[in-house]
Amino acid sequence: MSPRRKIIIDTDPGQDDAAAIMLAFGSAAELDLLGITTVAGNVPLKLTARNARILCELCGRPDVKVFAGADAPLQRPLVTAEHVHGKTGLDGPELDEPTMPLQAQHAVDFLVDTLRNEPAGTVTLCALGPLTNIALALQKAPEIVGRVAEIVMMGGGFFEGGNITPAAEFNIYVDPEAADIVFKSGIPIVMMPLDVTHKVLTLRTRVDKLKTIGTRPAKALVEMLEFFERFDVEKYGSDGGPLHDPTVIAYLLRPGLFGGRDCNVEIETASPLTVGMTVVDWWQVTGRQHNARVMRDIDADGFFELLTERVARL
């Protein structure tokens, strides 16, 4: 049996972040979750730190430490997404306030200390929100670059364009300067863009399978997804909305579900029209060095089978 993969989840929960965290909790035999770091994004930091602890307790994992990080992007005012996720970020179910403590240590310091103390190349960073915390850690301790196994992240888009502007996906748009630092860091990156996540829709038949589980975590997830999908159903005219963030955790568990290629990815930080755009050299026309493995395809049915199986373990 292979050793458990050590991960840190950096997140701004968010109903789809909640699904990703649940998938990780349901995969404890394969994933060793060292901690959860939170960042301002879908909702402000106070709520993302609250939501992460709610999810830990909902899934019976109050032992997992939660650290609050950056409350604003590196250089810009914070843009949030309550219009998608509701005022709490986890609108939908009735959820208890968390009783587990928020750790006193700042998320950036936890990232730096953990990467310094764990054997080099053994910790994977799972980025589900804006990349502010990770960029700050790289600025504070550049030597950790060589200690990260890889960053698997949800963000960006190319053929699909953007979802917060015509050109930009939300996570990158919120803090493009942070994304620029991360993509230029030299750390191996696996990128889950909208091109993948728009293929994993919360179809009624898929949500109904989650409903049959009947446990408290599963019921809460179903109610979150039913709230979350309303925005995307109206926007895209689809049966169900895209389930973005769990693709990151699914890739760690079943990389064979995904297809993509190594590319150069540059982040637009200057243009008012396209700020936050991920400029992906998919067709290899620039000659620029590859810096990310960019996913484009996914076995959506296999993804939802994995998610349903693992949520059933909670």
Side-chain angles (χ1 to χ4, degrees), residues 7-27 31 33 35-59 61 64 66-70 78-93 95 98 102 107 124-134 151-156 163-164 169-175 192-194 196-197 200 202 210 217-218 220-229 231-232 241-252 303 307 310-311 314:
I7 66 169
I8 297 171
I9 294 178
D10 188 67
T11 180
D12 60 339
Q15 291 92 347
D16 56 327
D17 304 71
I21 291 168
M22 288 184 176
L23 179 55
F25 282 147
S27 305
L31 302 177
L33 180 55
I36 296 175
T37 54
T38 63
V39 65
N42 286 324
V43 287
L45 181 68
K46 182 177 180 181
L47 287 173
T48 62
R50 164 190 178 266
N51 292 349
R53 289 178 290 148
I54 286 174
L55 293 166
C56 288
E57 293 185 349
L58 177 66
C59 297
R61 292 298 308 276
V64 174
V66 176
F67 303 82
L78 176 64
V79 175
T80 55
E82 287 90 347
H83 63 291
V84 178
H85 299 278
K87 60 181 174 36
T88 69
L90 295 181
D91 279 22
L95 297 167
L102 185 65
T124 296
L125 303 181
C126 302
L128 311 182
L131 293 165
T132 316
N133 284 339
I134 296 174
I151 297 171
V152 184
M153 55 158 291
M154 188 275 134
N163 62 354
I164 187 69
E169 180 275 330
F170 178 81
N171 286 343
I172 308 297
Y173 179 79
V174 170
D175 199 342
M192 297 292 167
L194 297 177
V196 162
T197 67
V200 286
T202 55
L210 285 167
L221 179 59
V222 166
E223 290 173 11
M224 284 186 226
L225 296 182
E226 289 176 339
F227 178 90
F228 176 61
E229 70 180 11
F231 176 82
D232 288 318
L243 196 54
H244 307 283
D245 292 329
T247 58
V248 168
I249 306 300
Y251 175 80
L252 302 182
F303 166 84
L307 177 66
R310 298 307 167 90
V311 169
L314 298 174

Just how far is it from atom [atom1] of [X] to atom [atom2] of [Y], taken to the nearest 0.5 Å?
X	Y	atom1	atom2	result
Leu90	Gln15	CG	CD	6.0 Å
Phe227	Thr88	CZ	OG1	7.5 Å
Met153	Leu125	CE	CG	12.0 Å
Ile54	Arg50	CD1	CZ	3.5 Å
Leu102	Ile36	CG	CD1	11.5 Å
Leu128	Thr247	CG	OG1	8.5 Å

Partners passing salt bridge (Lys or Arg N to Asp or Glu O under 4.0 Å) against Arg53 (at least two apart in sequence or in another chain):
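If we apply the salt bridge (Lys or Arg N to Asp or Glu O under 4.0 Å) test to Arg53, skipping adjacent residues, there are no hits.
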Counting heavy atoms not belonging to Phe25, are there more than 12 under 6.0 Å from its CZ?
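For Phe25, atom CZ is crowded (more than 12 foreign heavy atoms under 6.0 Å).
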Nearest heavy atoms of [X] and [Y], plus distance in Å:
X	Y	value
Leu95	Met224	CD1-CE, 4.4 Å
Ala68	Ala49	CB-CB, 4.2 Å
Ala107	Gly69	CB-CA, 3.5 Å
Leu221	Met22	CB-SD, 3.8 Å
Ala24	Ile9	CB-CD1, 3.9 Å
Cys56	Val66	SG-CG2, 3.9 Å

Using only atom types and a distance under 3.5 Å, with no angle test, would you say the side chain of Asn163 pairs donor to acceptor with the backbone of Phe170?
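Confirmed, Asn163 side chain pairs with Phe170 backbone.
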Just by distance, do the side chain of Glu226 and the backbone of Gly92 share a donor-acceptor pair under 3.5 Å?
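Not a single qualifying donor-acceptor pair exists.
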Do the non-hydrogen side-chain atoms of [X] and [Y] ever get within less than 4.5 Å of each other?
X	Y	value
Leu225	Leu210	yes
Ile249	Leu31	yes
Val43	Glu82	yes
His244	Met192	no
Asp16	Thr197	no
Leu194	Met154	yes

Tell me which one of Asp12, Thr11, Asp10, Asp175 satisfies side-chain contact (heavy atoms from CB on, under 4.5 Å) with Asn133.
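Among Asp12, Thr11, Asp10, Asp175, the one meeting side-chain contact (heavy atoms from CB on, under 4.5 Å) with Asn133 is Asp10.
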Please lay out, stage by stage, how Thr38 and Leu45 fare under the test side-chain contact (heavy atoms from CB on, under 4.5 Å).
CA-CA 7 Å; Thr38 63; Leu45 181 68; 3.7 Å; yes
Quick one: list whatever passes side chain to side chain contact (heavy atoms under 4.5 Å, CB included) with Thr124, sequence neighbours left out.
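Here the qualifying residues are Arg5, Ile7, Cys126, Ala149, Glu150, Val152, Leu252.
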Residue of the set Thr48, Asp17, Thr80 for which side chain to side chain donor-acceptor pair (under 3.5 Å) holds with Asn42:
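That would be Asp17.
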Tell me, with the steps shown, if Arg61 and Leu55 meet side-chain contact (heavy atoms from CB on, under 4.5 Å).
CA-CA 8 Å; Arg61 292 298 308 276; Leu55 293 166; over 6 Å; no
